Amino acid sequence: MKEDGLIRSPLPRDFYGRDTVNVARELPGCMLVHHTQEGTTAGIIVETEAYLQGDPACHASRGITPRNSPMFGPPGFTYVYFTYGMHYCFNVVSAAEGVGEAVLIRALEPVLGVELMKIRRKRENTHELCSGPAKLTQALAIGKEQNRCDLTGEQIYICLARPAAPLVTTTRIGIREGAELPLRFYLEGSKYVSRK
DNA sequence: TCCGGGATCCTT
DNA sequence: AGGATCCCGGAC
């Protein structure tokens, strides 16, 4: 099966241990996969945002704390945080160890386990399953247990899926300071982004 | 548009 | 110890 072949090879740690903007620009088109007891859910990443050291919107901008410490760890690990009292957001740690940077995954195009996503999201419309950072964590059942996970492992990982495609670059969503920086990227023409 | 919801972190 | 803030989503 074509899709089985695609979900077998996690991106190597070297992919993540590079310039964060490059990582954020190359993740769209890749597939995020999460295996759970309930089943496998996966989707093509269609939207990302880069969070950089020295960037006031970055959780790590004021130094290391218990919450943001995964961002300072080795690249290729997850950083999942809880916000607004009810939502989880999923980030991948990028750049060299000791550099507090990450890429927020903001939207996916559902590919595998779509029926399971519908149950978890309590929504039938495919476009409402993963079109936002907290929607996709709900659809893939990503929570605090998925914080600090190694993305080169077997449970949760990202793999190549589609060839590079045109990207649109915009400012990031929902932030105040650093709002003018062009650090949001999405696949041109995708119907699954959080907003245009 | 508006507000729930709770952890986090800075300020006192 | 208190309160402002938070990379949101869903119901209005």
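Please read all numbers here as calculations on a predicted model, not as lab measurements.
- Taking the side chain to side chain contact (heavy atoms under 4.5 Å, CB included) definition, one finds that A/Ser131 meets it with A/Lys135, sequence neighbours left out.
- For the atom pair OG1 of A/Thr65 and CZ of A/Phe72, the computed distance is 8.0 Å after rounding to the nearest 0.5 Å.
- Listed by first residue number, the stems of DNA chain B with at least three Watson-Crick or G-U pairs below 3.5 Å are B:1-4 with C:8-11, B:6-11 with C:1-6.
- Residues from residues 55-65 of chain A with heavy atoms under 4.0 angstrom of DNA chain C, sorted by number: A/Ala57, A/His59.
- Classification of A/Arg120 and A/Glu38 as a salt-bridged pair holds, one side-chain N sitting under 4.0 Å from a carboxylate O.
- Using a 4.0 Å heavy-atom criterion, one finds that A/Arg195 contacts no nucleic acid atom at all.
- Atom pair A/Met71:CE and C/dC7:C1' shows a separation of 10 Å (rounding to whole Å applied).
- Going from atom CZ of A/Arg121 over to atom C1' of C/dG9 covers 8 Å, rounded to whole Å.
- Using a 4.0 Å cutoff on non-hydrogen atoms, no part of residues 129-147 of chain A comes near DNA chain B.
- For the pair A/Phe90 CZ and C/dC8 C1', the interatomic distance rounds to 18 Å; values are reported in whole Å.
- Within the cation-pi definition used here (under 6.0 Å to the ring centroid, within 45° of the axis), A/Arg18 qualifies as a partner of A/Phe15.
- Ring centroids of A/Tyr79 and A/Phe77 are separated by 6.0 Å or more, keeping the two rings apart.
- Ion pair A/Arg162/A/Glu109 flagged as a salt bridge, since at least one NZ, NE, NH1 or NH2 atom sits closer than 4.0 Å to an Asp/Glu carboxylate oxygen.
- Among the heavy atoms of the strands, none lies under 4.0 Å from A/Arg172.
- A distance-only check finds no donor-acceptor pair linking the side chain of A/Arg121 to the backbone of A/Gln138 [under 3.5 Å].
- Between the CG atom in A/Leu32 and the CD1 atom in A/Ile44 there is a gap of 10.0 Å [rounded to 0.5 Å].
- Remark: A/Glu154 CD is loosely packed, at most 12 non-hydrogen atoms of other residues, nucleotides or ligands lying under 6.0 Å away.
- Considering A/Leu27, A/Leu183, A/Val23 as possible partners of A/Thr48, the one that fulfils the side-chain contact (heavy atoms from CB on, under 4.5 Å) test is A/Leu27.
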For A/Phe82 and A/His87, what are the C-alpha separation, side-chain angles and deciding distance, and is it a side chain to side chain contact (heavy atoms under 4.5 Å, CB included)? CA-CA 6 Å; A/Phe82 185 68; A/His87 302 305; 6.0 Å; no
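- Of the residues in residues 72-88 of chain A, those with a non-hydrogen atom less than 4.0 angstrom from any atom of DNA chain C are A/Tyr81, A/Thr83, A/Tyr84, A/His87.
- Residues from residues 173-184 of chain A with heavy atoms under 4.0 angstrom of DNA chain C, sorted by number: A/Ile173, A/Gly174, A/Ile175, A/Arg176.
- Rounded to an integer number of Å, the gap from CD of A/Glu101 to P of C/dC7 is 16 Å.
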